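First up is the structure itself, then whatever we jot down about it.
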Amino acid sequence: MRQQTVWRLAGAAAVVGGLIDLVGPLLYPHLSEPMRLSTYVLIDVLLLFGMLGVQWLAGQAMGWPGLFGFVIAVSGVLLVRTSAAGIWGAASYTVASAIWSIGMVVIGATLLAKRGPFRMAAALWIAAFVIGLAGLALKDQGLAHRLAAWCFALGFVAAGVILARTASRAEA
């Protein structure tokens with residue numbers, strides 16, 4: 001498989017995963033529990049493929065710091081999916097999603113420092129983390145939580161668009 005095809009598929013996965021994550025809160029109340037959980041897994045798998053695409057395309061430029069962030073982020077995805085086991089008690093999901101977000105902040109900071117093509121995605125992932133922290137500090141789990149989630153998902157949509165554009169440019 002050509003690398004442009006991989007970038008295009010990873011980009012499509014990131015866009016679809018981000019969009020499902022954006023509209024999910026409108027759908028979740030109407031879904032049965034197994035369907036809702038399956039949707040969460042689908043989103044995380046699609047976003048993971050998007051992360052793989054970003055790593056594949058920008059990994060060499062990001063170097064060790066980017067790889068470190070990628071490992072943290074992938075670990076966060078896995079911890080989010082296993083958070084129902086309650087490893088850290090009632091806060092398991094919060095801790096797991098924070099780990100994922102920290103990984104994306106490291107990736108984002110590295111991408112911004114290298115002035116690569118993913119600047120918008122990087123800024124959105126960092127904004128998601130900052131807004132989430134502000135929400136925790138202000139004890140606002142409503143609007144701040146939703147805004148952070150939107151930034152996080154939109155970061156993946158932006159990354160997916162860049163992956164698809166890069167594939168198209170490489171083929172031209």
Side-chain angles (χ1 to χ4, degrees), residues 1-28 31 35-82 96-97 99-132 146-172:
M1 184 179 300
R2 296 182 0 218
Q3 76 181 17
Q4 291 89 349
T5 304
V6 173
W7 293 341
R8 187 170 282 115
L9 290 171
V15 168
V16 171
L19 290 175
I20 295 171
D21 203 16
L22 284 171
V23 300
L26 300 173
L27 302 174
Y28 299 146
L31 298 176
M35 198 61 179
R36 187 171 37 247
L37 293 175
S38 296
T39 304
Y40 295 150
V41 171
L42 175 65
I43 290 167
D44 291 349
V45 167
L46 291 170
L47 297 184
L48 183 58
F49 281 134
M51 288 168 37
L52 288 166
V54 170
Q55 181 63 29
W56 186 336
L57 182 64
Q60 189 171 3
M62 291 190 302
W64 287 105
L67 179 60
F68 181 67
F70 178 75
V71 169
I72 292 170
V74 169
S75 299
V77 173
L78 298 174
L79 290 168
V80 162
R81 279 305 107 226
T82 59
S97 61
I99 291 170
W100 187 358
S101 191
I102 289 167
M104 297 311 295
V105 166
V106 173
I107 290 170
T110 306
L111 289 167
L112 287 175
K114 298 299 179 181
R115 300 179 191 254
F118 296 101
R119 289 186 299 272
M120 177 58 75
L124 285 164
W125 291 325
I126 293 168
F129 183 74
V130 170
I131 293 167
R146 186 64 7 231
L147 241 141
W150 289 340
C151 287
F152 195 75
L154 285 171
F156 280 96
V157 173
V161 168
I162 294 301
L163 284 164
R165 275 193 201 153
T166 302
S168 295
R169 284 187 196 136
E171 287 178 341

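Bear in mind the structure is a predicted one, so any value in this text is a computation, not a measurement.
For Tyr40, the ring-ring contact (aromatic ring centres under 6.0 Å, His included) partners at least two apart in sequence or on another chain are Tyr28. Listed by chain and residue number, Met1, Thr5 satisfy the side-chain contact (heavy atoms from CB on, under 4.5 Å) test with Leu9 (two or more places apart in sequence, or in another chain). Considering only residues two or more places apart in sequence or on other chains, Arg36 meets the salt bridge (Lys or Arg N to Asp or Glu O under 4.0 Å) condition with Glu33. Checked against side-chain contact (heavy atoms from CB on, under 4.5 Å), Leu79 has the following partners two or more places apart in sequence or in another chain: Thr82, Trp88, Ala96, Ile99.
In this structure, the separation between CD1 on Ile107 and CD1 on Ile102 is 12.5 Å, given to the nearest 0.5 Å. Between the OG atom of Ser168 and the CG atom of Leu163 there is a distance of 11.0 Å, given to the nearest 0.5 Å.
Two residues are said to be in side-chain contact when any heavy atoms from C-beta on lie closer than 4.5 Å; Leu22 and Trp150 meet this criterion. Within the 4.5 Å cutoff, no side-chain heavy atoms of Trp7 are placed close to those of Arg165.
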Acceptor/donor pairs from residues 114-126 side chains to any protein atom, 3.5 angstrom cut, sequence neighbours excluded:
from	atom 1	to	atom 2	distance (Å)
Arg119	NH1	Arg115	O	3.1
Arg119	NH1	Gly116	O	3.0
Trp125	NE1	Phe152	O	3.4

Can you list, pair by pair, the side-chain donor-acceptor contacts under 3.5 Å of residues 44-62, counting residues two or more places apart and other chains?
from	atom 1	to	atom 2	distance (Å)
Asp44	OD2	Arg81	NE	2.4
Asp44	OD2	Arg81	NH2	2.8

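Residues Cys151 and Ile131 approach most closely at SG-CD1, 3.9 Å, considering heavy atoms. Taking every heavy atom of both residues into account, Ser101 and Phe129 meet most closely at OG-CD1, 3.4 Å.
The backbone N or O of Ile162 lies less than 3.5 Å from a partner atom in the side chain of Thr166, making a donor-acceptor pair.
Applying the salt bridge (charged side-chain N to carboxylate O under 4.0 Å, His left out) rule to pairs touching residues 62-73 yields nothing, sequence neighbours excluded.
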